[in-house]
Protein chains: 4
Amino acid sequence: MESKMYHFPVQIYYEDTDHSGVVYHANYLKYFERAREEVIGSEKLAAMWNDQKLGFAVYKLDIQYNEGAEFGDVLDIRTSFKKEGDYRVVWRQEAWRKDGKKAAVAANIHLVCVSSEKKLLKIPNLDLFT
Amino acid sequence: MESKMYHFPVQIYYEDTDHSGVVYHANYLKYFERAREEVIGSEKLAAMWNDQKLGFAVYKLDIQYNEGAEFGDVLDIRTSFKKEGDYRVVWRQEAWRKDGKKAAVAANIHLVCVSSEKKLLKIPNLDLFT
Amino acid sequence: MESKMYHFPVQIYYEDTDHSGVVYHANYLKYFERAREEVIGSEKLAAMWNDQKLGFAVYKLDIQYNEGAEFGDVLDIRTSFKKEGDYRVVWRQEAWRKDGKKAAVAANIHLVCVSSEKKLLKIPNLDLFT
Amino acid sequence: MESKMYHFPVQIYYEDTDHSGVVYHANYLKYFERAREEVIGSEKLAAMWNDQKLGFAVYKLDIQYNEGAEFGDVLDIRTSFKKEGDYRVVWRQEAWRKDGKKAAVAANIHLVCVSSEKKLLKIPNLDLFT
């Protein structure tokens, strides 16, 4: 079952752009990760890591770029997710520009849970992934 | 005359840290720039760039690292500034961890204003740099 | 027709890793772009940009992460490409760790050519994309 | 006693620039770190970290920006260092553009050695810091 949709704003600063005048393509993966961390909760993620040495890792993703965001934009990152089996959470994440008619950038991102020894583990519940 | 002090929060994500477990030293310069852009106003900066091809550039800076911030921290970036003559704005910027007894990181950053042809220009007023 | 395979080394530094101890997932897109720029030639790309305001842009990509690279690794970035029609070049790019039995990370990356006004253009020949 | 001068080339890619058309100011700190890692040796640094959980950390630095590097540049990073007492190594690092008459960017960077518990330690010899 798909989760509700979450919204997360990202202000585009100098650091985000490249000399072509738009946001460097790899940076959207950072915005999507920030948005996922807000959904899960940074305190929970930090506790998982500090107490149990567990973390989420991206296993695979696909991403499509329809339009480049620019300096001064505030992107609306739209996030929803779905647990698939015991070992994977699939996230749908989109970056929308203000007044955009479709997503500027859209991605499907598959996350797994790994120990610090890189062993694959079941996704923890975290009051979120039921 | 020194400006008032501005506060800007920065959440520390995976992207910010390195394998030593703390924030990578160069990243504080990004946080300081984000905070300066909030003080000046992103719309004003974008308009300056798009309409007049003017931008601010860092001319020089010094920075001291007292303590490393960690994943899950929310840093309080404290910013104040002072115009020095017609061509320079000097910023004092500090990154504070929660419950910190002194700044984790502190910097003095000198900004100038340049055209797209790299010509040095007077600092524009912007209702800020009087 | 698929191109020959190109090799490009990437040394993993502090800046590349995150606090989980491996390379941050978005950074592989940077390594792949560096490798593509070496294949095409930075001088050609800079000339295209400076003289004609043309550049390549990533239109879409998929990427799979099999293993995390670590500080001190020297990755072998393996790159080949294929022109598809007049408007697209599809790149196969893999990051191999030393003594790796399969690619640590592998991606398929679709590039298009755009003007500075974001108009889609035919892929220029560049003595490469015949 | 000042060390000899080391040279390290850095190719400027899309990822390095921002929308103003030049290298983003924080990125020079990355280039300087890469150059220091080449001087010390990545294998030595990785071994120090993996076997003893020791690492170098930047304690303070000052940096001056004289000229912006551009996409397609190959910077010559010039590095020398001097041990000061038992606990500090001071590095002089400069980024030179081709045919530059002076350094585009120049920095003085103070490094200390810390354990994973953030305890300050004597600089290890490493056949370098005698």
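These numbers come from the heavy atoms of this one structure, side chains and all, not from hydrogens, waters or symmetry mates. A, B, ... follow the sequence lines: proteins, then strands. Residue 1 opens every chain.
With chain B as partner, the option from D:Val105, D:Asn27, D:Leu29 having the largest number of non-hydrogen pairs under 4.5 angstrom is D:Leu29.
Residue-environment remark: NZ (B:Lys53) exceeds the threshold of 12 foreign heavy atoms within 6.0 Å. The number of heavy atoms from other shown groups lying within 6.0 Å of NZ (B:Lys122) does not exceed 12. Atom NZ of B:Lys82 has 12 or fewer neighbouring heavy atoms from other residues, nucleotides or ligands inside a 6.0 Å radius.
Nearest heavy atom pair, residue B:Lys30 against residue D:Tyr24, reads CA-OH, 3.7 Å. Across all their heavy atoms, D:Lys60 and B:Gln64 have their closest contact at CB-CA, 4.0 Å.
For B:Ser116, no part lies near chain D; criterion is any non-hydrogen pair under 4.5 Å. There is no contact between D:Val114 and chain B, counting heavy-atom distances below 4.5 Å. Looking at D:His19, both its backbone and its side chain come within 4.5 Å of chain B, counting heavy atoms on both sides. At a 4.5 Å heavy-atom cutoff, the contact between B:Val22 and chain D is made by side-chain atoms alone. Looking at D:Glu67, there are no atoms closer than 4.5 Å to chain B (heavy atoms on both sides), in backbone or side chain.
Here D:Asn66 contributes atom CG and B:Tyr59 contributes atom OH; the two are 6.0 Å apart, rounded to the nearest 0.5 Å.
Using a 4.5 Å heavy-atom threshold, the side chains of D:Ile63 and B:Val58 count as separate.
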